[in-house]
Peer 1: 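I'd like to ask some things about the structure below.
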Amino acid sequence: MSLLKQMLETVLSKGFLRDMALIFVGCLIVSVGFCYFISPYKLVPGGVFGTCIVVHSFFPFMQVGTIALFIQVPLLLLSTFFLGKRLGLQTLIATFATPLMFNAVTALAFDSPEAMQALDPARMFGGRFDMTDDLLVSCVIGGALVGFGTSFIIRGHASSGGTDILAMLAHKYLHLYFSTALIIIDGVIVIAGLFVIGFGFGLDTPVEGNAWRLSLYALITMVIMNRSLAWSISGRRDSKMIYIICEKGAKERLREWILFTLDRTATHVQAKGLYTEKAKDVIIMIVREKEVLLITDEIRKIAPEAFIVVSDSYDVYGERWKPLPENNGLDFK
């Protein structure tokens, strides 16, 4: 009874409802990106839906979203049993919502079952949405929408799943680096698209002579998807981390300037020079990108002998920045 009460409280909480809104909006954006700009042109940008586009070439009577369900659900079970990952309710909802929305958005675009099976862009919205002669534009728009939509799903505390799970399995059992395994898996999917869609391998109907070029457009789509996702998640990376390594006397002067002139705070760490064994002070600051030149110029005046390192910070949480995100999901082992 207490477990049921806890589940109801979680499901009805503002955080969970916000997550659901983000997930459904994200799934819709991903579906629009794939259905209207990627799948009708037989682009295979890796991942589960790239695999689905290849499989659809052999089984056109099955919608791409339906094929995705047959792939994503087993992958989700694999991650639970072999990787010991907790199955979040948000991830479970996203796993079913995306393929179902994919089917609904696809059905909306075509006026007949035959057109939907063929995924013929010339028959999409009565031919008013055909971008066959503007494939590069379609790649950019489709990739940007998929990446942007995926960022909504991730912000809703759901996992994108898919080929990431296969890469984790390869990392665990074949001892491959995760990034290497992911590149190999997505590469295999793109190559499969090249052979099946580009050269017609295994198909009964011949393909156009230049269909192999679609794989090059698919690579462009992959890059746009990844960059769009990274930008949507981490933004422009406006924050910078500054390390100031200085002598003890300089630390006091810098402290006065940072606290009372700059009106900021920082972290102080004591260290030693590796060669000289002399005591050093390290001051660590998080600043906006536009403040870097002002701050480094002032450090040069106060402590000209200081050693300064400026680096990107992926994200910053805490006072004066952003609150730590909360996980409002239900986890099932």
Peer 1: So do Phe70 and Met62 actually touch side chain to side chain, heavy atoms under 4.5 Å?
Peer 2: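 A side-chain contact exists here, since the closest heavy-atom pair is under 4.5 Å.
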Peer 1: Hey, could you give me the CE/CG distance between Met225 and Leu145, rounded to the nearest 0.5 Å?
Peer 2: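 One finds 11.0 Å between CE of Met225 and CG of Leu145.
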Peer 1: Taking CZ in Phe58 as the centre, count heavy atoms belonging to other residues, nucleotides or ligands within less than 6.0 Å. Is the count above 12?
Peer 2: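 Check passes, neighbour count above 12.
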Peer 1: Side chains of Val287 and Val292, heavy atoms from C-beta outward: is any pair under 4.5 Å?
Peer 2: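 With C-beta onward as the side chain, the pair touches.
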Peer 1: Around atom CZ of Arg253, are there more than 12 heavy atoms from other residues, nucleotides or ligands closer than 6.0 Å?
Peer 2: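 Yes, enclosed.
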Peer 1: To check you understand the geometry: which heavy-atom pair defines the closest contact between Ile197 and Ala211, and what is its length?
Peer 2: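 In this case the closest contact between Ile197 and Ala211 is O-CB, 3.6 Å.
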Peer 1: Ile38 and side chain to side chain contact (heavy atoms under 4.5 Å, CB included): which single residue from Val44, Leu43, Val64, Ile141 fits?
Peer 2: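 Among the candidates, only Leu43 passes.
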Peer 1: For Met285, is there any backbone N or O sitting under 3.5 Å from a side-chain donor or acceptor partner on Tyr243?
Peer 2: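 No: the side chain of Tyr243 does not pair with the backbone of Met285.
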Peer 1: So, using side-chain hydrogen bond (donor to acceptor under 3.5 Å, both in side chains) as the criterion, who are the partners of Asp297 when residues are at least two apart?
Peer 2: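 Checked Asp297 against side-chain hydrogen bond (donor to acceptor under 3.5 Å, both in side chains); matches are Arg300.
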Peer 1: Rounded to the nearest 0.5 Å, what's the gap from CD1 on Ile220 to OG on Ser215? Could you check?
Peer 2: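 It comes to 11.5 Å.
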Peer 1: Within a radius of less than 6.0 Å around CG of Leu174, do more than 12 heavy atoms belonging to other residues, nucleotides or ligands occur?
Peer 2: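 Correct, the count exceeds 12.
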Peer 1: Where is the tightest heavy-atom contact between Ala266 and Ile283, given as atom of each residue plus distance?
Peer 2: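 Reported closest heavy-atom pair: CB-CG2, 3.7 Å.
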Peer 1: Can you spot which of Ile71, Ile67, Thr98, Ile189 makes a side chain to side chain contact (heavy atoms under 4.5 Å, CB included) with Phe49?
Peer 2: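 Result for side chain to side chain contact (heavy atoms under 4.5 Å, CB included) with Phe49: Thr98.
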Peer 1: To the nearest 0.5 Å, what is the distance between CG (Leu17) and CG (Leu22)?
Peer 2: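 Leu17 atom CG to Leu22 atom CG measures 11.0 Å (nearest 0.5 Å).
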Peer 1: Are any of the side-chain heavy atoms of Trp212 and Leu214 separated by less than 4.5 Å?
Peer 2: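 The answer is no, as the side chains (C-beta and beyond) never meet within the 4.5 Å cut-off.
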Peer 1: Do Met241 and Val309 have side chains that get closer than 4.5 Å, going by heavy atoms?
Peer 2: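 Counting from C-beta outward, Met241 and Val309 never come under 4.5 Å.
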Peer 1: Using side-chain heavy atoms (C-beta onward) and a distance below 4.5 Å, is Gln63 in contact with Met116?
Peer 2: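 Sidechains of Met116 and Gln63: in contact.
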Peer 1: Can you tell me how far OG1 of Thr51 sits from CD1 of Ile185, rounded to the nearest 0.5 angstrom?
Peer 2: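 Rounded to the nearest 0.5 Å, the CD1-OG1 separation comes out at 9.5 Å.
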Peer 1: Looking at Phe152 versus Phe24, is the centre-to-centre ring distance below 6.0 Å?
Peer 2: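 No; Phe24 has its ring centre 6.0 Å or more from that of Phe152.
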Peer 1: Of all the heavy-atom pairs spanning Pro45 and Gly50, show the shortest one and how long it is.
Peer 2: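 Closest heavy-atom pair between Pro45 and Gly50: CD-CA, 4.2 Å.
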Peer 1: Would you name the heavy atoms of Thr106 and Cys35 that are closest together and state the gap between them?
Peer 2: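 Smallest interatomic distance, heavy atoms only, reads OG1-SG, 3.1 Å.
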Peer 1: Mind listing the closest non-hydrogen atom pair of Leu293 and Thr296 along with its distance?
Peer 2: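 For Leu293 and Thr296, the tightest heavy-atom pair comes out as O-OG1, 3.2 Å.
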Peer 1: Would you please name every residue forming a side-chain hydrogen bond (donor to acceptor under 3.5 Å, both in side chains) with Glu247, sequence neighbours left out?
Peer 2: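 For Glu247, the residues satisfying side-chain hydrogen bond (donor to acceptor under 3.5 Å, both in side chains) (neighbours in sequence not counted) are Lys280.
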Peer 1: With rounding to the nearest 0.5 angstrom, report the CZ to CE distance, Phe37 to Met124.
Peer 2: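 If we round to the nearest 0.5 Å, Phe37:CZ and Met124:CE are 7.5 Å apart.
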Peer 1: In terms of relative ring orientation, are Phe195 and Phe201 parallel, tilted or perpendicular, with 30° and 60° separating the classes?
Peer 2: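 Because their plane-to-plane angle is over 60°, the rings of Phe195 and Phe201 count as perpendicular.
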Peer 1: If the plane angle is over 60° it's perpendicular, under 30° parallel, otherwise tilted; pick one for Tyr36 and Phe129.
Peer 2: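 Perpendicular.
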Peer 1: Is there a side-chain contact between Phe102 and Ser39 in this structure, where contact means two heavy atoms from C-beta onward sitting under 4.5 Å apart?
Peer 2: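 The answer is yes, as the side chains (C-beta and beyond) meet within the 4.5 Å cut-off.
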Peer 1: Scan Arg255, Gln270, His268 and name whichever one has a side-chain hydrogen bond (donor to acceptor under 3.5 Å, both in side chains) with Asp281.
Peer 2: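 Of all the options given, the one that passes is His268.
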Peer 1: Measuring from atom CE of Met20 to atom CD1 of Ile93, what distance do you get when rounded to the nearest 0.5 angstrom?
Peer 2: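 Met20 atom CE to Ile93 atom CD1 measures 4.0 Å (nearest 0.5 Å).
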